[in-house]
Amino acid sequence: GRVDYQLNANNRLFGRYAREVSPDTTGSLFALIPASSEFVRQISTGVGISSILNASTTLDARLGWMGYIADSDTPRQSLTGLGFNKSFTSIFGTGQFVPQFNVSNMSAFGNPETAIDHEDTWAMNANIRHLQGRNDLKAGFQAGIKHSNSAHPDPTPVFNFTNDMTQGPNPKTVGSNVGDGIASFLLGAMNGANTSSIASTSTNANTSPYYGAYFQDNLRASDRLTLNLGMRWDVWLPATVRHNWANVNGFSPNTPNPIAAVAQANYAASPIPELPVADFKVNGGLTFATPSNRRWAKTYWDNFSPRIGFAYSVNNKTVIRGGFGRFYSMFWAVFAPQNGYSNTTTITSSIDGITPYNLLDNPTPSGLAPITGSSLGMATGLGSAVGYQDQDSHPSVNSRWSLGFQRQITPTLVAEAYYVGQVGGNIPTGSAGNGYTAPTESETKLSEEYLPQKYISLGSRLNATVTNPFYGVILTGPLSTPKI
């Protein structure tokens, strides 16, 4: 709903309120698995004022709030009663539910974990316009702040079964009619790419602000020439997390890891010919928030965007127009990485991609990767997949320009032609999830994610099984086995 109120001849107020509630129940593929439910509620409200300050000045100001609440609930049930053994059910502790199974050649089944997600956004803006002589002056400021609070009290297993563990007689042969995901599921052999995992997530409370301002002058320089001169400034501040529960500083790629000495000694005892002992480095590790450095990425304050345009009347039938503008953008993600405060245990379903290793009846013999916070420092997350935001990424920038003319041919016919150009920099390279676009990755981060070119020539040797120098040092995940 909306209400408008004319306060007096020069001031007008408005207020609005909207609410949407959408309960949802997701059915189950099997009758033995109870349906899960989700309750989503969205609320938005806002107020504003439009004022005529004097004969040449107007003011428009608005304040709004939007809240989003999504609570999902997965019914509890006895997994032992469904036939799962103790090694499997111990993963879940007291909150037992049928996890998610993704099986090729059939629909996925199971339930997601119980989750509580509450988000809200405050936004305000104020714009003023002033007419003075040949100048039409405009200026404005806007600010916003996002909060995200979530809790996932249960571990979140995802088990993936494909045809790779039952294809044959040559297990390396891939085809649409070779192997079967259902057969792999019945054997308890998860896919050989080690994509099954169990996520353990702590609560989090993120806060991320945004600020912007602009100034513009539409100047009628002469009866023939009009100029548009403006400047905009934007700044996005990466999120902070309550209690500093985040690895906001990213990754230190060149610092020796605490396990370096032991791992290097193990490697020296059983090296491979392709990598000399002196070249075996164990560098890199996560770094964490401090009271003086709480944000998960750098803040760039120099996002100034000039906007210039003109229109020139050559005569009463011909007009030339042109302009240039720069535009910055960056994903306003409110989520900061929480490695250490959240952890994902990767299930080692196969070492060589062919032979089953850990089966479904006991997917994690060494237990789940523990939640250690920042107590382990650079040793946090060893043996599990970790992610971090690129500290060297910059906001994306686009520069656009145009030049053209418009000519009246007849009283009812107008012709126009324009040249339009654009160049972009720091182009996004991927998705960050949750509808956000990931920032451009720097050369530093890209070099950490791809195999160096000099090793490509090794071919099939890259898939050879070798002695694991991290065995006995890393206790969970694919790097915890004697061979890798």
Side-chain angles (χ1 to χ4, degrees), residues 64 66 119 121-127 138-148 204 206-216 228-241 246-253 286-287 289 292-309 323-339 387-402 420-450:
M66 181 177 68
E119 300 179 15
T121 302
W122 285 93
M124 65 82 62
N125 64 75
N127 301 278
K138 298 178 182 178
F141 174 80
Q142 64 183 121
I145 187 167
K146 282 188 176 184
H147 300 102
S148 174
N204 64 68
N206 299 266
T207 300
S208 179
Y210 159 80
Y211 304 102
Y214 76 92
F215 173 80
Q216 181 173 324
N228 308 108
L229 307 173
M231 179 69 74
R232 182 176 178 87
W233 171 76
D234 297 278
V235 62
W236 300 264
L237 278 70
T240 59
V241 183
N247 59 299
V248 302
N249 294 350
F251 191 86
S252 178
L286 296 169
T287 54
S292 61
N293 188 3
R294 302 184 63 206
R295 303 194 183 280
W296 57 255
K298 295 177 182 177
T299 299
Y300 294 94
W301 299 90
D302 57 349
N303 305 316
F304 292 97
S305 307
R307 314 286 170 85
I308 303 170
F324 170 84
R326 177 170 293 167
F327 305 87
Y328 283 95
S329 62
M330 190 171 184
F331 72 119
W332 192 17
V334 74
F335 303 104
Q338 284 194 287
N339 295 292
Y388 65 96
Q389 296 294 346
D390 188 355
Q391 294 292 296
D392 296 318
S393 64
H394 291 259
S396 298
V397 58
N398 280 278
S399 296
R400 306 171 191 171
W401 59 90
S402 65
V420 179
Q422 175 175 305
V423 62
N426 301 324
I427 305 300
T429 58
S431 173
N434 302 299
Y436 297 107
T437 302
T440 300
E441 291 186 333
S442 65
E443 292 185 6
T444 300
K445 191 166 191 293
L446 289 173
S447 68
E448 297 163 3
E449 297 177 346
Y450 294 92

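As the structure is a computational prediction, the values presented were derived from the model and not from experiment.
Panel note: side chain Asp234, backbone Asn303; no donor-acceptor pair is recorded below 3.5 Å. In this structure, the side chain of Arg294 does not engage the main chain of Thr240 through any donor-acceptor pair within 3.5 Å. Looking only at distances, no side-chain donor or acceptor of Trp233 sits under 3.5 Å from a matching main-chain atom of Tyr211.
Shown here for Asn127 and Gly140, the closest heavy-atom pair between the two residues is OD1-CA, 3.8 Å. Between Ser208 and Pro238, the shortest heavy-atom distance links the atoms OG-C, 4.2 Å. Closest heavy-atom contact between Tyr328 and Asp302: OH-O, 4.2 Å.
With sequence neighbours left out, the side-chain contact (heavy atoms from CB on, under 4.5 Å) criterion links Phe215 to Leu137, Ala139, Asp217. By the side-chain contact (heavy atoms from CB on, under 4.5 Å) test, Ile308 pairs with Leu229, sequence neighbours left out. Residues passing the side-chain contact (heavy atoms from CB on, under 4.5 Å) test with Asn398, sequence neighbours excluded: Arg400, Gln422.
Taken to the nearest 0.5 Å, the CZ atom of Phe141 stands 10.0 Å off from the CG atom of Asn125. Atom OG1 of Thr207 and atom CG of Leu237 lie 11.5 Å apart (nearest 0.5 Å). With rounding to the nearest 0.5 Å, the separation of CZ in Arg326 from CZ in Phe304 is 12.0 Å.
Other residues, nucleotides and ligands contribute more than 12 heavy atoms inside 6.0 Å of the CE atom of Met231.
The aromatic rings of Phe324 and Trp401 lie parallel to each other, with less than 30° between the two planes, well short of the 60° mark.
For the pair Tyr214/Gln142, no side-chain contact is recorded, criterion being any heavy-atom separation below 4.5 Å from C-beta on. Counting only heavy atoms from C-beta outward, the side chains of Arg307 and Arg232 approach each other to under 4.5 Å.
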